[in-house]
Structures are given as C-alpha cells and as structure tokens.
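First up is the structure itself, then whatever we jot down about it.
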Amino acid sequence: MKHIILFGITGSIGNYIIEALETLNDVRLTLFVRNSLKLSKEQKGKHRIIEGDVMNYKNVKDALKGQDIVYFGLSGGLDAMVKNIIKAMKDTDVKKIIAISSMGIYGASWKATLCGKKDAPGFLNSIMLTVMKPMFRRHRKLADIVENSGLDYTILRPGRFTYDNEISYQITYKGDPELGRDISRKSIAHFVMKIVEAPEQFTNQNIGLTKGF
C-alpha cells in the first residue's frame, strides 16, 4: 500500500488528481487542506483529511508521518512552502516528491526554433515562452529548490491548463525545447497517476508536459 499526501488539492486540477489516483488499487490518499469545506462529501468519506497550515512546520511534519509520496500543487509563496515541506520530509524519512511548476520557466530555445526542423518549437510559441519567463520566477525557484533538495523528485512543467475531456500528452526533458502550449487537466492528472503507480519512473527528472500531436 502506497500512502500519498496531497498538498494544493483544492485548486483547479485537484479533483482531477484525486479521481485519477482513485483508479489505483494500492494507494491511500491523505488530503492536506486549509479548509475542508472545499472538499466534497464523497472525498471526505473516502480519504483521510487533515486541516492545517502548510507554513506551520508541526502541522506538516505530523501529516507526513507514514507517507511514501508527496504531491505538491500549491500556488502563492512557493519557495517558502516547498522548503517547509522538504524539511519535514527529511525529518520523517519521506523520499519522493512530485511538484507542479510551469512551462516557460527556462524561456525559449531560439536556436532550436530557428533551425527549422520538424519538431522545432514554432516562432510564436518561442515568443510566448520568452514573454512568460519573467512571469514565473516563483515557479523557477520552486524547481531549483526541489532539484537541489536531495530527495527523489519529479518536477512537472505543464502548459496552459484546459478543461478538454481528453488524455493526450507529450513530454520533453529539461534542456530540450518545449513543444506545444496547452494541456488538459485530465492529462496532467493521468501523468501524475502513472508516476504514483511506478514511482521509480521519471525519478529526478524535470519534465515539460503539453498536449500530444
């Protein structure tokens, strides 16, 4: 049985993440939330619920005891929050974190764009990534902190979220040109589920995630 604790589950992809993980037979979910009123009656009946403050170290450390994997999907002061969670993970011997960052944190690969190969990013897409880079400094800092944490991690850099009812994605790795722009919330959740299903997959990888061709 894998024990998974979810931080940031009341955001726009939270329900998709929960539903995807519920398809696995060998997991127990703990939902760490500031306000449990944001959860459905069904979610409260199925899963362990902890109300707490992610910036309260004792709250986080107590919640992490007995967990195997941390999902981090929070927004706001990302660096302070993830540092608190990482410290608690080390103190409770939790090894694996899946962290949601953002497409565009490394800017565009203009060299790849201008080379004109079949799989090169489009010109407009590269302009978008160049513009986005300074907008996502917190997400870049989050990725840097997680990469240097000493934990087993998988960082996801999804594109713009859509509500499309589809599972379709392509992945790129850090250092490769990011392709595409959008991705469905359902696709992100499916990819998270696949990591939880086989945690050794994509260990210590920083992955771009956009809609497949």
Side-chain angles (χ1 to χ4, degrees), residues 2-14 17 21 30-34 50 52-109 129-161 171-178 183 188-189 191-192 194-196 199-210:
K2 300 187 191 85
H3 292 79
I4 322 298
I5 185 165
L6 310 175
F7 293 91
I9 210 65
T10 57
S12 70
I13 63 172
I17 299 289
L21 294 179
T30 296
L31 314 183
F32 187 102
V33 295
R34 182 183 288 273
I50 296 179
D53 179 356
V54 73
M55 289 307 300
N56 182 308
Y57 180 73
K58 187 178 186 304
N59 286 175
V60 175
K61 183 179 178 181
D62 288 347
L64 284 177
K65 292 175 181 175
Q67 301 293 334
D68 300 304
I69 300 173
V70 168
Y71 166 85
F72 180 95
L74 291 161
S75 59
L78 300 176
D79 55 337
M81 291 188 287
V82 80
K83 283 178 181 177
N84 206 42
I85 289 172
I86 286 170
K87 182 178 186 298
M89 288 177 68
K90 291 179 177 180
D91 288 345
T92 54
D93 201 32
V94 181
K95 302 296 188 185
K96 176 80 176 186
I97 181 169
I98 302 168
I100 305 295
S101 181
S102 174
M103 181 183 188
I105 62 174
Y106 302 115
S109 175
L129 291 175
T130 300
V131 171
M132 285 174 64
K133 183 178 177 181
M135 297 169 59
F136 290 101
R137 290 190 178 96
R138 289 180 299 179
H139 292 82
R140 169 63 186 269
K141 196 167 184 181
L142 164 68
D144 291 344
I145 291 168
V146 172
E147 282 183 320
N148 291 291
S149 66
L151 298 170
D152 293 339
Y153 67 83
T154 304
I155 296 166
L156 300 184
R157 293 177 282 110
R160 185 178 64 177
F161 300 171
I171 66 174
T172 56
Y173 294 93
K174 183 180 178 182
D176 295 335
E178 291 180 301
I183 185 160
I188 298 169
F191 195 72
V192 170
K194 298 302 288 185
I195 297 170
V196 169
E200 68 281 359
Q201 287 191 95
F202 306 111
T203 295
N204 298 342
Q205 296 289 344
N206 184 329
I207 295 170
L209 204 61
T210 51

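Treat the numbers as computed from the prediction; the structure is a model and nothing was measured.
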Checklist entry - Under the 3.5 angstrom rule, does the side chain of Ser101 hit a backbone N or O of His139 as a donor-acceptor pair? => result yes

Next on the checklist: Quick check: closest heavy atoms across Ile13 and Ile188, and the distance to 0.1 Å?
Outcome noted: CD1-CG2, 4.2 Å

Item to check | Side chain Lys90, main chain Ser149, donor-acceptor under 3.5 Å | outcome: yes

Checklist entry - What distance separates Ile85 CD1 from Phe72 CZ, expressed to the nearest 0.5 Å? => result 5.0 Å

Checklist entry - Below 4.5 Å, heavy atoms only, C-beta onward: do Leu64 and Asp91 meet side chain to side chain? => result no

Checklist entry - So which heavy atom on Ala88 is nearest to which on Val60, and how close? => result CB-CG1, 3.7 Å

Item to check | Trace of the side-chain contact (heavy atoms from CB on, under 4.5 Å) decision for Val146 with Leu151 | outcome: CA-CA 8 Å; Val146 172; Leu151 298 170; over 6 Å; no

Checklist outcome for this item: Distance col, row Thr203:OG1 vs Lys95:NZ, nearest 0.5 angstrom, shows 13.0 Å

Item to check | Interatomic distance, Glu200 atom CD to Thr154 atom OG1 [nearest 0.5 angstrom] | outcome: 10.5 Å

Item to check | Heavy-atom pair with the smallest gap, counting every atom of Val54 and Phe32 | outcome: N-CE2, 3.8 Å

Next on the checklist: Suppose we screen for side chain to side chain donor-acceptor pair (under 3.5 Å). Which residues come up paired with Asp79, at least two apart in sequence or across chains?
Outcome noted: Lys141

Next on the checklist: If we ignore hydrogens and angles and just use 3.5 Å, is the side chain of Lys96 paired with the main-chain N or O of Pro199 as donor and acceptor?
Outcome noted: yes

Checklist entry - With Ser12, which residues qualify under side chain to side chain donor-acceptor pair (under 3.5 Å), at least two apart? => result Arg185

Checklist entry - Any donor-acceptor pair under 3.5 Å linking the side chain of Asn59 with the backbone of Asp53? => result yes

Item to check | Pair Asp176 + Lys174, salt bridge at N-O below 4.0 Å | outcome: no

Checklist entry - Going through the checks in order, is the side-chain contact (heavy atoms from CB on, under 4.5 Å) test met by Ile195 and Leu156? => result CA-CA 11 Å; Ile195 297 170; Leu156 300 184; 4.2 Å; yes

Checklist entry - What closest approach, in Å, do Lys194 and Gln201 show between heavy atoms, and which atom pair accounts for it? => result O-NE2, 3.4 Å

Item to check | Inter-residue atom distance Ile17.CD1 - Ile98.CD1, 0.5 Å rounding | outcome: 8.5 Å

Checklist entry - Given the rule in the side-chain contact (heavy atoms from CB on, under 4.5 Å) test, do Tyr71 and Leu21 qualify, once you have shown the distances and angles that lead to the verdict? => result CA-CA 11 Å; Tyr71 166 85; Leu21 294 179; over 6 Å; no

Checklist entry - About how many Å separate NZ of Lys61 and OG1 of Thr92, when rounded to the nearest 0.5 Å? => result 8.0 Å

Next on the checklist: Looking at every heavy atom in both Ile155 and Glu147, which two are closest together, and how far apart are they?
Outcome noted: CD1-CG, 3.5 Å

Next on the checklist: Please find the pair of heavy atoms, one from Asn204 and one from Asp152, that lie closest to each other, and give the distance.
Outcome noted: OD1-CA, 3.5 Å

Item to check | From CD1 (Ile4) to OG1 (Thr30), nearest 0.5 Å | outcome: 9.0 Å

Checklist entry - Are Tyr173 and Ile207 close enough that some pair of their side-chain heavy atoms sits under 4.5 Å apart? => result yes

